[in-house]
There are 2 protein chains.
Amino acid sequence: MDVKSDNRAERVAARTARQDKNLFSRLSATAIASRGQAQRLLKTAAGLSITEWRVLWDLSEAGPLSIQDIATIQRTDHSLISRTLPKMSEKGWVTAIRNCDDKRQFLVELTPSGARALAAAAPTMKRRRDNLAKAFTPRELDTFLHLLDRFEDVLARPVDIEPSLEETA
Amino acid sequence: MDVKSDNRAERVAARTARQDKNLFSRLSATAIASRGQAQRLLKTAAGLSITEWRVLWDLSEAGPLSIQDIATIQRTDHSLISRTLPKMSEKGWVTAIRNCDDKRQFLVELTPSGARALAAAAPTMKRRRDNLAKAFTPRELDTFLHLLDRFEDVLARPVDIEPSLEETA
DNA sequence: AAAAATTACGTGACAAGTCATATAATTTTT
DNA sequence: AAAAATTATATGACTTGTCACGTAATTTTT
């Protein structure tokens, strides 16, 4: 029915607009779009996945690092790093050596080959950051980061879970 | 070696701080933290996954909808919705009926049981949104959303990919 | 010194997210 | 009317991300 499908398009548009103003969904959608862009750029420029790029960059800036170190820097789970490293080792981009001080740990280090893989993607990713720096003043970027700080403060506070209409002790 | 491990802790801290100010990584990390919170809340309050919650909420506010409609509202791939719906149907939360006007499409509708599943989670998720509304003024939220708009404008512009040191026609 | 607790990494399993492809249906072009 | 192009959904396969658990090693407690 014509009228019915007109209604549907309006309902979709209204709901989409509504959710675009819901900061929770909007932040998620924006971050996913950003990640998608990074994935495409890295793939095209250097055949790297996002996690590979992050590991190479972290080792370049702060290496050598343990798996837990890398996971902490990237705010991710150690298992994601743990799974990524063998492949990167196979590609010759990193070496992982047992830490003599603590045999549970590996210390991961960039190789010359890894430095080249990083260098293949670095100009593109720098341009991406430069584009952002051009679009926002330092003050606006500070505001943005501060708002994200405050948003995470809100996340850190517990949200009560109560069954509907029930008052519990 | 003591000195070596002190250095490592400092390098990790410095790198983490640096990446916290890189808007690309920061935005991603913040959005992932937000999603994690939502996942935990929904699981605990109502045994719902994020995608299930989103579908129920969209249908409640704007249903009935096609799979493509839901994907558009959620800014996700239709395949994620396509995979989620059969399970929701099995749980009796939605019905999916062929659209007579276009037999390629299903129109998905909330059932009373689905409305109850939504209701089980809704107070918690509203509280979550209210906590956010208390922490920011309307003007701050507008600023935040506007910065996200401008950030996505930047994403929408192409980033040139050039091989290192090469000038191409 | 021995036992208990904690930590580092590897792996199983699952959810979110995406790209590609196939099939069926609709729309557009010839 | 028929052919070509496009669209809607399903599914394969992959990446990102996370939780849980097991094993080995270290640290803390007794």
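Source: prediction; values computed, not measured. In what follows, chains are A, B, ... by sequence order, proteins preceding strands, each numbered from 1.
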Original post:
What closest approach, in Å, do A:E52 and A:G47 show between heavy atoms, and which atom pair accounts for it?
Top reply: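 Closest heavy-atom pair between A:E52 and A:G47: OE1-O, 4.1 Å.
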**OP:** For residues A:T30 and B:L155, report the shortest heavy-atom separation together with the two atoms involved.
**Re:**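 Looking at all heavy atoms of both residues, the closest pair is O-CD1, 4.1 Å.
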Original post:
Salt bridge between B:K126 and B:D130, side-chain N to carboxylate O under 4.0 Å?
Top reply: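 Yes, charged N to carboxylate O under 4.0 Å.
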Would you mind classifying the nucleic acid contact of [X] as base, sugar-phosphate or nothing, using non-hydrogen atoms under 4.0 angstrom?
X     : answer
A:R40 : sugar-phosphate
A:I50 : sugar-phosphate
A:R98 : nothing

Original post:
For D:dA8, does OP1 or OP2 lie under 4.0 Å from any side-chain N or O of B:S82?
Top reply: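 The answer is no; no side-chain N or O of B:S82 sits under 4.0 Å from OP1 or OP2.
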Original post:
Has B:T51 got a side-chain N or O lying under 4.0 Å from the OP1 or OP2 atom of C:dA15?
Top reply: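 Negative; the distance criterion is not met.
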Listed pairs under 3.5 Å, donor-acceptor, residues 53-64 of chain B side chains, sequence neighbours left out:
unit_1	atom_1	unit_2	atom_2	d
B:D58	OD1	A:R15	NE	2.8
B:D58	OD1	A:R15	NH2	3.0
B:D58	OD2	B:Q74	NE2	2.9

Subject >> DNA chain C base-pair string [pairs: Watson-Crick or G-U under 3.5 Å; |: paired with another strand] >> reply: ||||||||||||||||||||||||||||||
For [X] and [N], what is the distance between atoms [atom1] and [atom2] respectively, to the nearest whole Å?
X     : N      : atom1 : atom2 : value
A:H78 : D:dA24 : NE2   : C1'   : 14 Å
B:I81 : C:dT18 : CD1   : C1'   : 13 Å
A:D77 : C:dA16 : CG    : P     : 17 Å
A:E52 : D:dC14 : CD    : P     : 15 Å

**OP:** List in numerical order all residues of residues 16-35 of chain B for which some heavy atom is under 4.0 Å away from an atom belonging to DNA chain C.
**Re:**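 Going residue by residue through residues 16-35 of chain B, the ones with a heavy atom under 4.0 Å of DNA chain C turn out to be B:R35.
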Subject >> Side-chain-base donor-acceptor pair under 3.5 Å for B:R104 and C:dA25 >> reply: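 It does, because a donor-acceptor pair links the side chain of B:R104 to the base of C:dA25 below 3.5 Å.
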